[in-house]
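Shown next, in structure tokens, is the structure this report addresses.
Numbers here simply count residues along the sequence, with the first being 1. It should be emphasised that the depicted structure is a prediction, and the values quoted were computed from it without experimental measurement.
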Amino acid sequence: MTASKKSADTRPAPVISVIGTGYLGATHAAAMAEMGFETIGVDVDPAKLAALSAGEVPFFEPGLPELITKHVASGALRFTSDIASAVAAADVHFVCVGTPQKAGSHAANLAYVESATRGVAENLTHPGLIVGKSTVPVGTAARLRGIVSEFTPAGIDAELIWNPEFLREGKAVEDTLHPDRLVWGGASEAADAVIREVYAAPISEGTPVITTDLATAELVKVSANAFLATKISFINAISEMCAIAGADVTTLADALGHDARIGRKFLNAGLGFGGGCLPKDIRALMHRANEIGAGRVVGLMQQVDEINMGQRQRVIDMAIESAGGSVLNRRIAVVGAAFKPLTDDVRDSPALNVAAALHLRGAQVTLWDPEAMETARRSFPTLTYAASMTEAIEGADLVLVLTEWHDVVEADPVALGAVVGQRVVIDARNCLPIGRWVAAGWTVRSLGRPTPVTGAPVSVAAGTLDDLATIR
């Protein structure tokens with residue numbers, strides 16, 4: 001165990017096991033080591049374990065490879081497929097496995113959580129605290145306590161509590177080391193003392209701690225995601241009204257955001273949300289709400305989901321209209337494949353969905369993303385992939401900006417205009433500095449803003465003639 005870290009009564013600090021080394025588990029394990037704990041990551045995938053042990057992360061997350069490399073080298077962090085030895089060596093066991101959506105259903109697949117919890121319980125050799133971090137439907141933890149009771153060896157004390165994660169892809173390391181809140185539910189006095197020791201570093205920084213019951217702890221994460229999804233779908237619904245009325249949804253959102261009760265974050269109109277969390281979580285919440293008879297939640301989440309999915313069709317329709325009524329054999333450049341910047345995650349990515357839909361309609365789609373090229377290629381190998389943004393748009397009849405990468409926002413529209421076939425761009429994330437693009441001769445279309453905006457002559461210096469943008 002880590003000799004340098006002692007609890008207040010001089011006992012050695014607890015050793016941590018993390019069951020599951022996917023996105024959540026790998027990040028949590030590295031963060032626990034950074035906080036000073038001996039940490040063991042457990043997984044059934046030997047290839048993944050070998051990669052992590054070498055400091056190689058199978059997904060893009062800024063800062064995580066460096067943190068893993070640092071603590072594998074220091075000896076504070078190791079990875080194994082032997083759950084029995086890991087559980088025997090550890091005192092606190094974090095369950096961080098996935099809860100994917102069931103095939104053919106909106107329900108969450110809890111098989112991995114149940115298996116991991118049983119694996120910890122039946123391999124306990126001394127008292128242990130099992131901490132669930134996976135996102136699960138309300139009521140799951142109570143059932144898992146039954147598994148712990150059934151499979152823990154006689155004479156050994158074990159307790160299960162729930163401690164939801166609140167990671168943002170692209171900022172997961174920061175969110176784990178310096179969370180904006182800590183929540184756990186169902187803890188006895190003894191368990192509360194242990195989990196506070198584990199999180200002593202962020203607590204000492206002033207991170208708020210909320211202790212509650214199991215059901216509330218389970219609902220916090222899915223409720224947070226449901227609220228954020230609702231906020232996005234709200235502004236996207238308003239963006240449709242703005243487009244019809246000739247209003248500017250971005251300015252409207254800025255004005256709304258100054259109200260402290262509303263805030264500006266997650267109030268950007270555009271292509272909508274995707275990824276492995278928000279869509280899955282709101283659908284799982286919808287399913288569970290229906291099971292227990294909370295009908296208003298079902299209706300609200302259904303509307304949120306439908307509005308979000310409808311944004312993809314709005315962009316597809318806009319592309320078809322911009323191409324003159326058909327995209328057949330038209331050269332379309334798609335900038336962005338990841339569901340958001342700072343990740344290579346293309347799960348339920350609106351960007352990749354739109355690109356694939358246009359391809360199926362006969363367009364010659366060339367795609368570029370600074371990080372998600374390989375994950376996109378594995379999902380849609382029939383698309384054409386470019387090595388750079390410039391290569392992607394070369395000769396294109398239409399450019400679609402579908403992920404708001406910094407490289408895209410800061411791109412030079414004059415240089416890009418020199419290689420594109422036609423200077424027409426659909427800004428589906430409302431992220432481009434329209435004045436610069438218009439001044440460089442581009443026609444810019446976007447969601448919820450007066451469009452199209454047509455450009456001034458290319459000879460005009462970019463960024464100097466915002467007032468020359470005219471509605472056509």
Measure the spacing between [atom1] of [X] and [atom2] of [Y] and express it to the nearest 0.5 Å.
| X | Y | atom1 | atom2 | result |
| --- | --- | --- | --- | --- |
| Q101 | K280 | CD | NZ | 8.5 Å |
| T21 | I68 | OG1 | CD1 | 8.5 Å |
| L52 | L77 | CG | CG | 8.5 Å |
| H126 | D157 | NE2 | CG | 11.5 Å |

- Considering non-hydrogen atoms only, spot the tightest contact between D43 and K48 and give its length.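 That would be OD2-NZ, 3.4 Å.
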
- Task: Could you pull out the closest heavy-atom pair between V198 and P14, with the gap in Å?
- Result: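 It is CG2-CG, 4.3 Å.
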
- Task: Kindly assign one of parallel, tilted or perpendicular to the pair F59 and Y23, based on the angle between their ring planes and the thresholds 30° and 60°.
- Result: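 The rings of F59 and Y23 sit tilted, inter-plane angle from 30° to 60°.
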
- Taking the inter-plane angle between the rings of F60 and W405 on a 0 to 90° scale, is it parallel (under 30°), tilted (30 to 60°) or perpendicular (over 60°)?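 Correct class here is tilted.
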
Measure the shortest side-chain to side-chain distance between [X] and [Y] over non-hydrogen atoms and say whether it is less than 4.5 angstrom.
| X | Y | result |
| --- | --- | --- |
| P350 | Q311 | no |
| I235 | N268 | no |
| E197 | V92 | no |
| F273 | D348 | no |
| P202 | L177 | no |
| E165 | T135 | yes |
| L447 | V249 | no |
| W437 | L416 | yes |

Between the main-chain N or O of [Y] and the side-chain N or O of [X], is there a donor-acceptor pair closer than 3.5 Å?
| X | Y | answer |
| --- | --- | --- |
| D175 | R168 | yes |
| T212 | A217 | no |
| N225 | D281 | no |
| E159 | S188 | yes |
| S17 | A86 | no |
| T375 | D344 | yes |
| S239 | G448 | no |
| S74 | H71 | yes |
| D427 | C431 | yes |
| N163 | V183 | yes |

- Residues R347, E169: salt bridge by 4.0 Å N-O rule: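 So R347 pairs with E169 through a salt bridge.
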
Other residues, nucleotides, ligands: >12 heavy atoms within 6.0 Å of [X] [atom1]:
| X | atom1 | value |
| --- | --- | --- |
| F266 | CZ | no |
| F166 | CZ | yes |
| K231 | NZ | yes |

- Message: Against W368, only a single residue in V335, T384, V334 fulfils side chain to side chain contact (heavy atoms under 4.5 Å, CB included); can you say which?
- Response: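 Of the listed options, the one satisfying the test is V335.
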
